[in-house]
Protein chains: 2
Amino acid sequence: MRPTPSTCRNRILSKVIPLFAEKGYNRVTMREAAVEAGITAGSFYHHFPGKQALYLAAVKRAFAGRARDIRAALAGDAPPAERLRNLIHRFCLQLSRDPVFTRLIHREILDGDQGRLQLVVDAVFRDVFADVMGLCRELAPDFDPFLLCMSIVSLTVHHYQIAGMRKFLPGNRPEHDNPDIVAAHIVRLLIEGIGPRRDGAGTESFQGDLPL
Amino acid sequence: MRPTPSTCRNRILSKVIPLFAEKGYNRVTMREAAVEAGITAGSFYHHFPGKQALYLAAVKRAFAGRARDIRAALAGDAPPAERLRNLIHRFCLQLSRDPVFTRLIHREILDGDQGRLQLVVDAVFRDVFADVMGLCRELAPDFDPFLLCMSIVSLTVHHYQIAGMRKFLPGNRPEHDNPDIVAAHIVRLLIEGIGPRRDGAGTESFQGDLPL
DNA sequence: GTCTATAACATGATAGAC
DNA sequence: GTCTATCATGTTATAGAC
């Protein structure tokens with residue numbers, strides 16, 4: 001029985017995603033990707049109009065499952081703080097489990113030209129980012145929602161992006177890769193902050209001048 | 001004063017740093033770097049024992065001025081919260097002013113093999129990281145100092161690392177690149193958190209409570 | 001002594017012919 | 001598939017210019 005076109009597409013994409021993640025868009029040749037996918041370079045153009053379309057489809061697909069998870073964490077009528085907690089736990093779990101997508105985006109940020117960056121954002125991040133920003137508005141109306149959303153992304157993504165370097169920093173321990181521990185830390189930091197407890201007594205609060 | 005024999009070393013490094021930042025270690029050849037520095041490939045080996053030493057010297061030098069700044073922000077006997085504030089303001093200022101070093105490290109994280117990562121960490125980050133961790137211990141003894149330190153780095157570094165993509169996200173505004181605004185946001189988030197104020201009073205920004 | 005150019009070597013990847 | 005030519009690249013050796 002002939003394989004359905006979508007399974008063939010899926011097979012190609014699943015082979016090609018790690019390749020893009022490893023080497024980046026520019027350094028992956030269509031010939032190379034073809035070998036990986038088990039077809040010839042020319043056959044690619046039967047499934048995708050060009051290299052960029054192949055790449056976008058790969059990025060989109062790499063994010064598809066994730067986006068469902070994230071959206072699920074954001075939905076529902078739980079209190080906003082609870083939704084935040086769900087979001088960050090799922091996010092950390094995804095990032096720790098499989099670093100390929102993280103690497104893919106890491107590369108895109110570094111090497112992507114403006115046009116492709118815009119395409120990737122529109123195809124993959126725009127809607128999810130807007131959703132998280134909505135949660136931020138609900139959660140902390142007196143914060144700039146864009147900056148707060150960026151901060152949430154930074155706290156989670158960068159911690160795992162930098163994993164390869166983190167190993168060599170003084171004070172690192174194996175549990176710092178554990179998504180439950182990392183997520184709990186981030187949630188607590190976001191909700192409580194590190195400032196002196198306001199119900200506490202001896203608060204040596206800020207009394208300094210501005211720097212510079 | 002002696003006519004510093006390292007003048008030409010400095011000249012070489014200043015030419016070579018942007019090259020490594022742009023293309024990464026592996027994709028910069030000694031010949032290419034030589035052309036950029038105005039000498040030939042063989043001549044490099046009078047100044048540096050090899051490519052890796054050249055690279056390490058470049059990374060070290062790119063970080064030298066910064067490390068002084070960071071250390072200055074951490075030193076002194078100001079209250080810890082004010083030192084944190086100084087640290088983050090200077091960090092954001094550096095990151096926004098000149099993206100070359102950010103890019104250099106971004107690349108190293110992505111492409112660096114284990115050996116080189118360890119060398120870079122030992123030569124550049126280890127001590128500064130330990131200092132910031134010291135501040136974290138002082139500031140919030142009930143947090144994991146390593147995770148808190150990572151969070152501080154993530155909040156600042158990642159915001160500027162992702163600048164190229166941030167432009168295309170919904171809700172972005174020019175002021176989100178302004179280091180003063182970004183730093184103020186990060187400091188406030190770290191200190192206060194987004195949770196409900198425990199004294200139930202007003203929710204004005206952190207800056208409003210400062211005696212400026 | 002300091003810096004540089006030139007040539008050459010060793011290795012690894014790539015491409016093409018058989 | 002195998003063998004081989006070719007090329008790119010890190011590196012070394014040597015000698016010349018200031």
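Because the structure is a prediction, the values reported are computed rather than measured.
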Checklist outcome for this item: B:D127 meets the salt bridge (Lys or Arg N to Asp or Glu O under 4.0 Å) criterion, sequence neighbours left out, with none
Checklist outcome for this item: With sequence neighbours left out, the residues meeting salt bridge (Lys or Arg N to Asp or Glu O under 4.0 Å) with A:D180 are none
Item to check | Contact under 4.0 Å: B:Y45 side-chain N or O vs D:dT11 OP1/OP2 | outcome: yes
Where do N or O atoms of nucleotides 4-13 of chain C meet protein N or O atoms at under 3.5 Å, pair by pair?
from  : atom 1 : to    : atom 2 : distance (Å)
C:dT4 : OP2    : B:H47 : NE2    : 2.9
C:dT4 : O4     : B:H46 : NE2    : 3.2
C:dA5 : OP2    : B:T40 : N      : 2.7
C:dA5 : OP2    : B:T40 : OG1    : 3.3
C:dA5 : N7     : B:S43 : OG     : 3.2

Item to check | Residue list, side chain to side chain donor-acceptor pair (under 3.5 Å) with B:E22, at least two apart or on another chain | outcome: none
Checklist outcome for this item: B:F44 CZ to D:dG10 C1', in whole Å, measures 12 Å
Checklist outcome for this item: Residues at least two apart in sequence or cross-chain that pass ring-ring contact (aromatic ring centres under 6.0 Å, His included) with A:H159, listed by chain then number, are none
Next on the checklist: Does anything in residues 34-45 of chain B form a side chain to side chain donor-acceptor pair (under 3.5 Å)? List the pairs, not counting sequence neighbours.
Outcome noted: B:T40-B:S43
Item to check | Partners passing salt bridge (Lys or Arg N to Asp or Glu O under 4.0 Å) against A:R173 (at least two apart in sequence or in another chain) | outcome: A:E175, B:D144
Checklist entry - Between A:F143 and B:H185, how do the two ring planes meet: parallel, tilted or perpendicular, split at 30° and 60°? => result perpendicular
Side-chain donor/acceptor pairs under 3.5 Å, residues 54-63 of chain A, sequence neighbours excluded:
from  : atom 1 : to     : atom 2 : distance (Å)
A:Y55 : OH     : A:E108 : OE1    : 2.2
A:R61 : NH1    : A:N10  : OD1    : 3.1

Checklist entry - For residues 14-30 of chain B, which residues have at least one heavy atom under 4.0 Å from DNA chain D? => result B:V28, B:T29, B:M30
